[in-house]
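In this chain, residues are counted from 1 in sequence order.
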Amino acid sequence: MINKLLFLIFAGGAVIGLFPNPASGSDAFSVATIPFTPKLKPASSFKLAAVCFAGSDDCGSQGLFNRVGEDEVITMDPEEQCLAEGYSKNICNNGQIVKDPCPYHEDYNKGCACPSDFSICSGEEDGNGQQCVLDGQTYWESCSCKASFVSCNSAQDGVGVPCGGKYESCVCKPNLISCNEVQDGVGDVCGGKYASCQCKDSLIQCGTNQEGVGEDCNGKYAKCKCPDGWTTCEEGGPAKEAEKCSIGGDDYYSQCAPVDNDPCGKTVLSKYGTVVSTEEEFLAAVDQVNLRKEGFIIVMNNIKVTKPIFFTNMVDIKTKNSFRDEIPACKTDARPSLTFDTDTAISLDYQAGKSTFNDLKLINDGGHLFRLSGESGNLTMSNITLQTPMDSDVFYLNLPNLNQSEMTIEIFGDLFIKGNINLEKFTDEAVFTIFGSLMATGSKEINLGDGQFWIKALPEGYDEYPVKPINPFGTNYPLVNANNIKAGFVRFYCPKGGVKSITLTGNGYPSSVVLGLGDDEEGDECPLGIQSFTVVIEGRPDYVFFQGMQSATATFNTTTYPELTVKNATLNVNTPQPSFSRLFLYASTLKGSVEISTADIYDTDNFDVIIKDSKYSGISLNPASYSINEKGSRQNKVYEVLKNM
């Protein structure tokens, strides 16, 4: 096989070489044209060289076409040729590709570039896939809108530069308006506002002498009523000059013909509500309340009720005394009674949302008095007496299945009860509050489940109540006499008297007994005075507080180790060395021995026992850290038994 270069031909500025044609399988030559213009050197500078072919043993490391022979040949260096044609060595990285590579040597090129289908993402886009960095700029394989961008509705304007119809955030358009309670918004909503409003379809036009209730919309209202003070004039009929208003099938008049001269009789009080003096009138008034969704009943005298009562709507039941401020002639020491004598165990079934019972005695001698059937609601009572036999309930919560109640019951004035309170399905959000004293010595138990039981400061005007208060006005110490109280949270403001037992369920937030602390709403602290209080604390309390009590005696029978705080008070511990997780004494006296048991004995910044300007009998640490502050000094000790100061 011929493998030697026979000759080189310079023609048209190109080098033409004769090479063997491997396809022919013979020694025939083929002609190949090398597509570049070589840089020619003078003959005197040329080396005699051979051409290097594949398979030869004398090829140099750079692939030079050199061979010493009889004829003079041109030596061509690929690197020099690349340099001569403007190529250079450029290293491409960061996702770059070679731009215009030199055809003679792969290490030389015209520079680096990013792939042509890569692009720069805008500030509203995220880059996806592979990336390429060139001249400090990052190019991505593809771009997409940022995932955090959101679509705005017709009531919103987009913030920032849009991307695919989405924006960085949305803001309400400045021309939006708020719709009132009798309007519906038109279109999309933003921040509770709309582009426009329209009247609700349910609105009605009020009739002759009727008044709209609430706001109007184009002269229509959610409901209509007769003017305040207009009555049905059932006894004497309407006056001749009276105007009439009909609503709900009843006729109301602007004034009635006088029937008596009593300044606090039916004629006068009828403008405040339905006045009843008999069982028939009372039962009819109850029916009207349930039909109208709400109502006012004024009880004029003692009434005996022989049928069970069901209030499915809101109601206010009052007496003459309830109007003593508006009509001084109505003030009296008498409180009418509603006495229930029925064949059923329940006298009064209450399902309403918000109602009041004022200046009354509610009595059932044969069973439960109030059955509460609501999961929420508010029941307010003032100057009230509730009475049932001891084996029956004054309040009884009856809810289906596993439902729980978050009702609020508020008693303004002293509460006298006979019978029990059974509200064991109260949640920790339910609250039973007495603004006054509690006399429940005839009760076996007051069970509020996980609910809260508050006794707060005496109400304003306490000394003006028709029935003489238990405590003289001005002392502000509610008197508490009860047997067994069970709740998730108990807080009594400045109590006097005693409770046989207070049992904490452990499901309050937190589960605590607080006796004598400041009232949250009033911001007052319990004034230290001549008072005494005895209590047995049981169950699972987290905290126990005594404050501002000159003499308090406590027996502890708990299953937990609560924190005990005694501030500005004298506490007699009537249990042989009960255990607590912490003890804080401030300007107080602690009589009796207690044990403080904790595992964290190194936390000296958060002491388990803190005593400031106090006296105590014995405190056992098992183990615990403590701090004593006596006239400015401070001692920190661990694993010791405190002795008398």
* Side-chain touch Asn378/Glu410, heavy atoms, less than 4.5 angstrom -> yes

* Asked: Between Ile610 and Phe584, is a side-chain contact (heavy atoms from CB on, under 4.5 Å) present by the stated rule, with each step listed?
  -> CA-CA 5 Å; Ile610 297 179; Phe584 305 111; 3.8 Å; yes

* To do: Please work out which of the three classes, parallel, tilted or perpendicular, describes the rings of His368 and Tyr396, given edges at 30° and 60°.
  => parallel

* Are Phe489 and Trp454 close enough, and set up right, to give a ring-ring contact (aromatic ring centres under 6.0 Å, His included), and what steps lead you there? -> CA-CA 8 Å; Phe489 178 91; Trp454 295 68; 5.6 Å; yes

* Asked: Looking only at atom types and distance, does a side-chain atom of Asp393 sit under 3.5 Å from a main-chain N or O of Phe395, one as donor and one as acceptor?
  -> no

* Asked: Which heavy atom in Ser322 sits nearest to a heavy atom in Asn358, and how many Å separate them?
  -> OG-CB, 3.7 Å

* Asked: If you take all heavy atoms of Cys217 and Val182, which pair is closest and at what distance?
  -> CB-CG2, 3.7 Å

* Pro101 versus Tyr108: any side-chain heavy-atom pair under 4.5 Å? -> no

* **Side chain to side chain, Thr380 and Phe412, heavy atoms closer than 4.5 Å** => yes

* Asked: Do Asn420 and Asn447 pass the side-chain contact (heavy atoms from CB on, under 4.5 Å) test, and can you show the C-alpha distance, the side-chain angles, and the key distance before you say yes or no?
  -> CA-CA 8 Å; Asn420 307 308; Asn447 185 351; over 6 Å; no

* **Modelled atom types, side-chain donor and acceptor of Asp542 and Ser511, under 3.5 Å** => no

* Asked: Are any side-chain N or O atoms of Thr560 and backbone N or O atoms of Pro541, one a donor and one an acceptor, separated by less than 3.5 Å?
  -> yes

* Asked: SG of Cys190 to CG of Asn153: how many Å apart, nearest 0.5 Å?
  -> 6.5 Å

* Residue pair Ser437 / Asp414: nearest heavy atoms and the distance that separates them -> N-OD1, 2.9 Å

* Asked: Is the side chain of Asp135 donor-acceptor paired with the backbone N or O of Gln137 at a distance under 3.5 Å, no angle test?
  -> no

* Quick one: pull up CG in Leu448 and CZ in Phe453 and give me the separation to the nearest 0.5 Å. => 6.0 Å

* To do: State, with a plain yes or no, whether a side-chain heavy atom of Phe432 is found less than 4.5 Å away from one of Ile446.
  => no

* Taking the side chain as every heavy atom from C-beta outward, state whether Val315 and Val286 have any atom pair closer than 4.5 Å. => no

* Donor-acceptor under 3.5 Å (Asp316 side chain, Thr356 main chain) -> yes

* Relative to each other, are the rings of Tyr272 and Phe323 parallel, tilted or perpendicular (30° and 60° limits)? -> tilted

* To do: Mind running side-chain hydrogen bond (donor to acceptor under 3.5 Å, both in side chains) on Asp450 and Asn507 for me, showing each step along the way?
  => CA-CA 6 Å; Asp450 295 331; Asn507 295 320; 3.2 Å; yes

* In Å and rounded to the nearest 0.5 Å, what is the CG to CG distance from Leu360 to Leu386? -> 9.5 Å

* Output yes when a side-chain donor or acceptor of Ser512 lies under 3.5 Å from a complementary backbone atom of Val514, and no otherwise. => no

* Does Arg292 reach the side chain of Asn313, with side-chain heavy atoms less than 4.5 Å apart? -> no

* **Any Val186 side-chain heavy atom under 4.5 Å of Tyr194 side chain** => no

* Asked: Is a side-chain N or O of Ser588 found less than 3.5 angstrom from the main chain of Val566, in a donor-acceptor match?
  -> yes

* Judged by atom type as modelled, is there a donor-acceptor pair below 3.5 Å linking the side chain of Thr559 to the main-chain atoms of Gly539? -> yes

* Structure fact -> Tightest non-hydrogen contact, residues Ala482 and Ile485, listed as CB-CD1, 4.1 Å

* So how far is it from Thr505 OG1 to Asp428 CG, rounded to the nearest 0.5 Å? -> 8.5 Å

* To do: Would you confirm whether Lys220, through its side chain, and Cys199, through its main-chain N or O, come within 3.5 Å as a donor-acceptor pair?
  => no

* For Ile596 and Ser581, which heavy atoms make the closest approach, and how far apart are they? -> CG2-O, 3.7 Å

* Calculate, to the nearest 0.5 Å, the distance between atoms OG1 and CZ belonging to Thr565 and Arg582 respectively. => 10.0 Å

* Please list all pairs passing the side chain to side chain donor-acceptor pair (under 3.5 Å) test where one or both residues lie in residues 201-218, with sequence neighbours left out. => Asn180-Glu215, Glu211-Lys225

* Assess whether side-chain contact (heavy atoms from CB on, under 4.5 Å) is satisfied between Leu415 and Ile384, documenting all intermediate values. => CA-CA 6 Å; Leu415 176 62; Ile384 203 84; 3.7 Å; yes

Donor-acceptor contacts, no H, no angles, side chain residues 116-134, under 3.5 Å, sequence neighbours left out:
unit_1	atom_1	unit_2	atom_2	d
Ser122	OG	Glu124	N	3.4
Ser122	OG	Glu124	OE1	3.4
Ser122	OG	Glu125	OE1	3.3
Glu125	OE1	Ser122	N	3.0
Asp126	OD1	Lys146	NZ	3.1
Asn128	ND2	Ser144	OG	2.9

* To do: Identify whether NZ of Lys or CZ of Arg in Lys567 sits under 6.0 Å from the centre of the six-membered ring of Phe546 and within 45° of that ring's axis.
  => no

Exercise answer: donor-acceptor pairs, residues 162-174 side-chain atoms, under 3.5 Å, sequence neighbours excluded:
unit_1	atom_1	unit_2	atom_2	d
Lys173	NZ	Ser154	O	3.0

* Asked: Can you tell me how far CG of Leu438 sits from CD1 of Ile411, rounded to the nearest 0.5 angstrom?
  -> 10.0 Å

* To do: Evaluate the criterion side-chain contact (heavy atoms from CB on, under 4.5 Å) for residue pair Lys99 and Cys112; output intermediate values, then yes/no.
  => CA-CA 5 Å; Lys99 178 182 178 182; Cys112 300; 5.7 Å; no

* Asked: Any sub-3.5 Å donor-acceptor pair from Asn290's side-chain atoms to Phe310's backbone N or O?
  -> yes

* Please examine the side chains of Pro478 and Phe492, heavy atoms only from C-beta on, and report whether any two atoms are closer than 4.5 Å. => no

* Asked: If you look at every heavy atom in Lys110 and Asn90, which pair is closest and at what distance?
  -> C-ND2, 4.0 Å

* To do: Taking atom OH of Tyr561 as the centre, report whether more than 12 heavy atoms of other residues, nucleotides or ligands fall under 6.0 Å from it.
  => no

